[in-house]
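First up is the structure itself, then whatever we jot down about it.
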Amino acid sequence: MNYKKLLIGLIFCLSLSSVAFAAPILKIGAYGHDVRILQQELEDAGYDVAVSGEFDEATRDAVISFQQDNALDATGIVNRETWHALKKEPAAPVRHQAENENAKKSDDKKSNDSKKEDAPVVNMPKPSSKVPESAPFVPKSKVKNILGTAARYKGVKYVFGGDTPKGFDCSGFVMYVFRQHGFVLPRTSDEQYKFGKKTVDRKGLVPGDLVFFTTYEPGASHVGIYLGDYKFIHVSSSKGVRIDSLDDSYWKPRYYGGKHIVMD
């Protein structure tokens with residue numbers, strides 16, 4: 001039996017499987033990146049809420065409406081069950097007139113899933129189940145093109161659970177970019193963190209490496225691709241695919257560490 005091919009196949013299947021979304025608990029008084037993601041999802045589903053990053057009374061009322069429409073406990077507090085319901089992109093009530101849009105998203109997803117079967121695959125290291133570290137696997141010769149592909153999608157909007165050029169979330173963007181060059185990564189940021197050599201020190205990063213941040217919950221819950229000069233490209237919930245600095249006032253205190261995936 002060719003164990004290497006079997007391993008590659010398993011990794012490929014895992015990357016296409018649905019994985020539980022890391023869910024922050026949000027309520028009145030919360031603010032920041034996580035709240036923006038929540039508000040964007042509510043707005044996209046047709047609920048009346050401003051994407052401000054502040055969990056105000058209007059946001060709470062929209063959450064309560066969403067919870068009522070989806071047979072959840074209408075507490076106004078965003079718990080794991082509420083995030084899970086948002087991730088499934090359920091049809092909004094009739095007054096929001098979102099049924100046709102949701103149906104279109106479902107058809108688009110099926111079409112994209114069928115295209116993924118044709119993605120090229122290269123040998124990938126087996127991630128450790130105990131320590132999130134493995135050998136770098138991306139040749140330096142590939143980095144320029146990988147970063148070029150990432151830059152091509154600057155401005156593409158944020159979409160909760162998105163992993164196509166129609167809309168990305170953070171890990172969906174990273175997975176898509178590397179897939180275009182034959183590297184199949186897992187679907188979520190915490191699983192992507194299991195690849196590469198751990199380097200908490202930012203000075204150890206090289207262009208093409210992955211950088212991780214703590215946002216939703218302890219650990220790696222946001223990911224971007226390092227560009228060099230302390231810059232990285234990622235998906236912002238408010239502005240889509242963009243370039244930011246590791247020294248940014250929001251991202252610097254949330255920096256969790258980097259994973260060196262580019263071969264020396």
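Evaluation of the side chain to side chain donor-acceptor pair (under 3.5 Å) rule for Gln67 yields Thr82 as partners, not counting sequence neighbours. Applying the ring-ring contact (aromatic ring centres under 6.0 Å, His included) rule to Phe55 yields no partners; only residues at least two apart in sequence or on another chain are considered. Shown here are the ring-ring contact (aromatic ring centres under 6.0 Å, His included) partners of Phe178, two or more places apart in sequence or in another chain: there are none. Listed by chain and residue number, Phe168, Tyr176 satisfy the ring-ring contact (aromatic ring centres under 6.0 Å, His included) test with Tyr153 (two or more places apart in sequence, or in another chain). Scored by the side-chain contact (heavy atoms from CB on, under 4.5 Å) test, Asp73 finds Thr75 as partners (sequence neighbours excluded). Applying the side-chain contact (heavy atoms from CB on, under 4.5 Å) criterion to Ala150, with sequence neighbours excluded, gives Phe173, Val177, Ile225, Ile233.
One hydrophobic cluster, built from ILVMFWY side chains closer than 4.5 Å, holds both Val223 and Phe137. Transitive grouping of hydrophobic side chains (ILVMFWY, heavy atoms separated by less than 4.5 Å) brings Val35 and Ile28 into a common cluster.
With a 4.5 Å cut-off on side-chain heavy atoms, Lys198 and Tyr193 count as touching. Residues Lys252 and Leu246 fail the side-chain proximity criterion, which asks for heavy atoms closer than 4.5 Å. For the pair Ile261/Phe183, no side-chain contact is recorded, criterion being any heavy-atom separation below 4.5 Å from C-beta on. Counting heavy atoms from C-beta on, the side chains of Ile37 and Trp83 come closer than 4.5 Å. Under the 4.5 Å side-chain criterion, counting only non-hydrogen atoms from C-beta, Val49 is not in contact with Leu38. A 4.5 Å side-chain heavy-atom check between Val206 and Tyr226 finds every atom pair outside the cut-off.
The line from CG of Asp48 to OG1 of Thr59 is 10.0 Å long, rounded to the nearest 0.5 Å. A distance of 14.5 Å separates CG in Asp248 from OH in Tyr255, rounded to the nearest 0.5 Å. The line from CG of Leu205 to CG of Asp229 is 12.0 Å long, rounded to the nearest 0.5 Å. With rounding to the nearest 0.5 Å, the separation of OG in Ser221 from CZ in Arg254 is 10.0 Å. Here CG of Leu42 is found 10.5 Å from CZ of Phe160. Values are rounded to the nearest 0.5 Å. In this structure, OG1 on Thr149 lies 2.5 Å from NE2 on His181, to the nearest 0.5 angstrom.
Ion pairing between Asp169 and Arg187 holds under the 4.0 Å rule for side-chain N and carboxylate O.
No side-chain donor-acceptor contact under 3.5 Å links Ser171 and Thr188.
Between Phe213 and Phe232, a ring centre-to-centre spacing shorter than 6.0 Å is recorded.
Ala74 and Gln68 make their closest contact through CB-CG, 3.6 Å (heavy atoms, listed as atom of the first residue, atom of the second, distance). Closest approach of Ser249 to Pro253, counting heavy atoms only: O-CD, 3.3 Å. Smallest separation of non-hydrogen atoms from Ser236 and Arg242: CB-CD, 3.5 Å. Between Leu185 and Met175, the closest heavy-atom pair is O-CG, 3.5 Å.
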**Report entry** Pair Asp209-Arg202, salt bridge (Lys or Arg N to Asp or Glu O under 4.0 Å): steps then yes or no
**Finding:** CA-CA 11 Å; Asp209 283 343; Arg202 302 185 308 171; over 6 Å; no

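Here the rule is ring-ring contact (aromatic ring centres under 6.0 Å, His included) with His222, and of Trp251, Phe212, Tyr250 only Trp251 fits it. When each of His234, Lys231, Lys239 is checked for a side chain to side chain donor-acceptor pair (under 3.5 Å) with Asp244, only His234 meets the rule.
In this structure, the side chain of His260 engages the main chain of Val262 through a donor-acceptor pair within 3.5 Å. No side-chain donor-acceptor contact under 3.5 Å links Asn70 to the backbone of Leu72. Remark: the backbone N or O of Glu54 is paired with a side-chain donor or acceptor of Gln39 at under 3.5 angstrom. A donor-acceptor pair under 3.5 Å is absent between the side-chain atoms of Thr214 and the main chain of Tyr256, judged by distance alone.
Heavy atoms from other residues, nucleotides or ligands lying under 6.0 Å from CD of Gln40 number more than 12.
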